[in-house]
Amino acid sequence: MNITFTMIAQAISFALFIWFTASFVWPPLMRAVEQRQKKIADGLAAADKGQQELVLAQGRVEELINGAKSQSQELVANAQKRSDEMIEDAKVAAKAEGERQIAAARATIEQEIQQAREQLREQVSVLALAGAEQVLMREVDIAKHKDVLDKLGARL
Amino acid sequence: MAAEQAEHVLTPTSYIQHHLTFMTQPVGNTPFWSVNVDSLVVSFVVGVIAFGFLYWVARGATAGVPNKRQAFVELTFDFINEQVKSIFHGDASFIAPLAATVFVWVLFMNAMDFLPVDIMAWIYHNVFGLTYFRSVPTADVNTTFALALSVWLLMIFFTIKVKGVGGFIHELFCAPFGGNPLLWIPNFLFNLIEYISKPLSHSLRLFGNMYAGEIIFLLLGMWASTGLVGTFFGTILSLGWAIFHILIVALQAFIFMMLTIVYLAMAHEGH
């Protein structure tokens, strides 16, 4: 159990090993550990952030869906209203058109009746003249009796 | 050990003496100038193996998913780092690797105690041709004092670095009892005892544990050679002691590391 130069030699070994560990072993390992810790922390933070964003996105999606729903309801309602209006308008227009056509037909009929009457009147006056000629057995001067005949025609 | 028996009769005394004799090589004229080659070589070889392994792991260290080897080393280092952080509050960029070095090196040197003493003696004798060669460097006071005194010098270095020479001297005379001039002498004596007892207890605790462990193995080995009953109990008890010794080896390495951290942390703290 003597203290000898061994002690100093061992101290030199010790110093050597301390230097080696402090320079080449400890720093890279601790760096790796710290980097991993940072990575894990970042990952956890990102996961948290993702979760929060998911919640936000869900809120937004709900909002959007609700908006779309109300919009579509509005659209449907508008379309319904519009179609009702259009049907109503079409009904009115059809009625008006029908009435107009009826009126036109009536006018045409009236006209035709008028024309037929006119023709009849002329033919009656011719017939009346022919009849009168037959009765009088003489020629009636149409130019002389035109005013009489016209009066007659007007009375018909 | 036929060759040995031819030289001298194997008695219990000679058996133990043989196992406790260092391979000493003189390098000078006085008794101080000699080296225990076994302690030096074994401690250096286990140091190179241990720190070489750590270096190999550290070189391939990845910040991604670590393999089992790296995870194991990281666990150990993280454990050491936690111990350092819990005791020492400051820049641990030197103290933490120092603590790791102390722990790993002492652990590996202590672990040489697991090797069966007589089988190793046979191997040293018949393979390497060495008559005297001890396996456990920490059962050599030179090793434990080398470690403890290195820590002690670092402690004084850090005290002066943190507090300055004036602060160091002031603390020698004015702590722990107070700055009253009447108390300067008691303070100084108190600090003197503290500064002497620190490296002594630090080194002798480790040395005593490892030395005693070795002696008990030797005594049990001796008992095992006395006959059938001795062999039976010697074997059983050796096994028990070896298992218990696993705890001692790790525990002493841990205690040595903790004391190193505590002493260096105290050097950074003011009074």
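Each chain gets a letter, A, B and so on, in the order the sequences are listed, and its residues count up from 1.
- More than 12 heavy atoms of other residues, nucleotides or ligands sit less than 6.0 Å from atom CG of Asp42(A).
- Atom CD of Glu97(A) sits in a crowded spot, with more than 12 heavy atoms from other residues, nucleotides or ligands closer than 6.0 Å.
- With a 4.5 angstrom heavy-atom cutoff, Ile12(A) does not touch chain B via any of its atoms.
- Ranked by heavy-atom pairs under 4.5 Å with chain A, the list Leu54(B), Asn36(B), Leu153(B), Thr144(B) is led by Asn36(B).
- Interface remark: Thr143(B) contributes backbone and side-chain atoms alike to the contact with chain A (heavy atom separation under 4.5 Å).
- Listed here is the closest heavy atom pair of Asp78(B) and Met30(A): N-CE, 4.2 Å.
- Ranking Gly64(B), Ser93(B), Pro137(B) against chain A, the residue ahead of the rest is Gly64(B), based on heavy-atom pairs under 4.5 Å.
- Nearest heavy atom pair, residue Arg36(A) against residue Thr62(B), reads NH2-O, 3.0 Å.
- For Val73(B), the part sitting under 4.5 Å from any heavy atom of chain A is the side chain, from C-beta outward, and nothing else.
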**OP:** Apply the test side chain to side chain contact (heavy atoms under 4.5 Å, CB included) to residues Ile3(A) and Phe145(B): give CA-CA distance (whole Å), side-chain angles for both, the deciding distance (0.1 Å), then the verdict.
**Re:** CA-CA 9 Å; Ile3(A) 296 289; Phe145(B) 264 111; 3.8 Å; yes
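- Both the backbone and the side chain of Phe44(B) have a heavy atom closer than 4.5 Å to some heavy atom of chain A.
- Residue contact with chain B, scored on non-hydrogen atoms closer than 4.5 Å, is absent for Ile40(A).
- Thr21(A) OG1 to Phe94(B) CZ: the interatomic distance, rounded to the nearest 0.5 Å, is 10.0 Å.
- Residue Ala96(B) touches chain A through both its backbone and its side chain, counting heavy-atom pairs closer than 4.5 Å.
- In this structure, OG1 on Thr6(A) lies 11.0 Å from CH2 on Trp33(B), to the nearest 0.5 angstrom.
- Between chain A and the residues Ala61(B), Ser150(B), Ser34(B), the most heavy-atom pairs under 4.5 angstrom are made by Ser34(B).
- Closest heavy-atom contact between Glu74(B) and Ala32(A): OE2-CB, 4.4 Å.
- Here the straight-line distance linking atom CG of Asp140(B) with atom OG1 of Thr4(A) works out to 7.0 Å at 0.5 Å rounding.
- Using a 3.5 Å distance cut-off with no hydrogens or angles, the side chains of Gln10(A) and Ser39(B) do not pair a donor with an acceptor.
- Relative ring orientation between Phe14(A) and Trp105(B) is described as parallel, the plane-to-plane angle staying below 30° on a 0-90° scale split at 30° and 60°.
- For the pair Arg59(B) (side chain) and Pro28(A) (backbone), a donor-acceptor distance under 3.5 Å is absent.
- A donor-acceptor pair under 3.5 Å is formed between the side chain of Asn142(B) and the backbone N or O of Asn2(A).
- Atoms CE and CG, on Met7(A) and Leu147(B) in that order, are 11.0 Å from each other to the nearest 0.5 Å.
- Put simply, the side chain of Val48(B) does not reach to within 4.5 Å of the side chain of Phe20(A), judged on heavy atoms.
- The local environment of CD in Gln51(A) is sparse, with at most 12 non-hydrogen atoms from other residues, nucleotides or ligands closer than 6.0 Å.
- Residue Phe51(B) forms a ring pair (Phe, Tyr, Trp, His ring centres under 6.0 Å) with just one option from Trp26(A), Phe24(A), Phe17(A), and that option is Phe17(A).
- Heavy atoms from other residues, nucleotides or ligands lying under 6.0 Å from CD of Gln111(A) number 12 at most.
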